[in-house]
Amino acid sequence: GAVVSQHPSWVICKSGTSVKIECRSLDFQATTMFWYRQFPKQSLMLMATSNEGSKATYEQGVEKDKFLINHASLTLSTLTVTSAHPEDSSFYICSARRGLNTEAFFGQGTRLTVV
Amino acid sequence: AQSVTQLGSHVSVSEGALVLLRCNYSSSVPPYLFWYVQYPNQGLQLLLKYTSAATLVKGINGFEAEFKKSETSFHLTKPSAHMSDAAEYFCAVTTDTGRRALTFGSGTRLQVQP
């Protein structure tokens with residue numbers, strides 16, 4: 001089956017610093033990757049859609065300058081939380097779709113805690 | 001635009017009892033529907049999906065769901081609950097075969113009592 005690997009699984013950072021989260025499709029090429037944010041006991045909210053080789057498309061209300069997304073290759077997308085603040089603490093999950101296949105494969109998520 | 005509504009944020013059943021998790025969707029075009037399970041601090045695992053083929057879809061771990069267009073529903077069922085089924089379940093919808101993200105419901109936490 002298709003595997004999406006997310007790294008790190010958890011990270012603690014100081015307020016004001018930046019954190020990079022990686023999302024890799026290990027055994028398939030993902031032309032499109034998605035980044036979600038999940039608050040405790042809540043559903044997944046789409047942050048942005050990342051297409052290889054082009055700028056990400058952000059959902060309304062998501063600050064593109066704060067959440068930098070790069071999709072430099074068909075197997076790697078990164079999310080950088082810049083100048084992190086405690087309110088950015090959340091569970092971030094990426095997913096990737098394999099071409100025209102309707103199934104989305106999810107990474108294991110990254111728990112970000114900003115102190 | 002599409003959306004899903006999951007009725008019941010918490011469902012509690014006894015081990016061995018029927019599991020029924022409800023999902024209703026809204027879509028102006030034929031939808032693709034999914035059920036995912038999430039264990040604490042983990043990503044999502046696909047249970048099953050409806051992609052306009054058979055309306056009764058069988059998934060992993062004994063789960064199944066039936067697509068009912070007239071009721072705009074895609075309820076998840078399992079005949080006999082197991083303790084290991086305790087988790088958060090999400091219904092999701094998309095209307096695109098590849099490039100559009102999934103829209104998730106609010107989730108239902110399933111508790112299984114011994």
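Here is how names work: the chains are called A, B, and so on, in the same order as the sequence lines, proteins then strands, and each is numbered from 1.
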Check your understanding: Checking B:E88 against chain A: side chain, backbone, both or neither under 4.5 Å from a heavy atom?
Key -> neither
Practice item. Sort B:L44 into side chain, backbone, both or neither according to what part of it lies under 4.5 angstrom from a heavy atom of chain A. Key: both
Review point. Is it true that B:Y25 and B:W35 fall in one hydrophobic cluster, defined by side-chain heavy atoms closer than 4.5 Å?
Key: yes
**Study point:** Same cluster (ILVMFWY, side-chain, under 4.5 Å), B:L56 and B:V93
**Key:** no
Check your understanding: Do you know which of A:Q108, A:Q6, A:R111, A:M45 has the most heavy-atom pairs under 4.5 Å to chain B?
Key -> A:Q108
Point to revise | Closest non-hydrogen atom pair between A:S43 and B:S106, with its separation | key: CB-CA, 3.7 Å
Check your understanding: Can B:L102 and A:F34 be said to form a side chain to side chain contact (heavy atoms under 4.5 Å, CB included), step by step?
Key -> CA-CA 9 Å; B:L102 298 176; A:F34 308 93; over 6 Å; no
Review point. If two hydrophobic side chains count as joined below 4.5 Å and joins carry through other members, does B:L110 share a cluster with B:L48?
Key: yes
**Study point:** Proximal component of A:L44, with respect to chain B [non-hydrogen, under 4.5 Å]
**Key:** both
Review point. How many angstroms lie between CZ in A:F105 and CG in B:L46, if you round to the nearest 0.5 Å?
Key: 7.5 Å
Exercise for review: Might you confirm whether atom NE2 of A:H85 has over 12 heavy atoms from other residues, nucleotides or ligands at distances under 6.0 Å?
Suggested key: yes
Review point. Does A:V11 share a hydrophobic cluster with A:V81, counting links as ILVMFWY side-chain heavy atoms below 4.5 Å and allowing steps through other members?
Key: yes
Check your understanding: Crowded around A:K66 NZ? As in, over 12 foreign heavy atoms under 6.0 Å?
Key -> yes
Check your understanding: Is A:I21 linked to A:M47 within one hydrophobic cluster, defined over Ile, Leu, Val, Met, Phe, Trp and Tyr using a side-chain heavy-atom separation of less than 4.5 Å?
Key -> yes
Revision key, fill the gap. Distance col, row B:F90:CZ vs A:Q38:CD, nearest 0.5 angstrom, shows 5.0 Å
Check your understanding: Which heavy atom in B:Q38 sits nearest to a heavy atom in A:F91, and how many Å separate them?
Key -> NE2-CE2, 3.7 Å
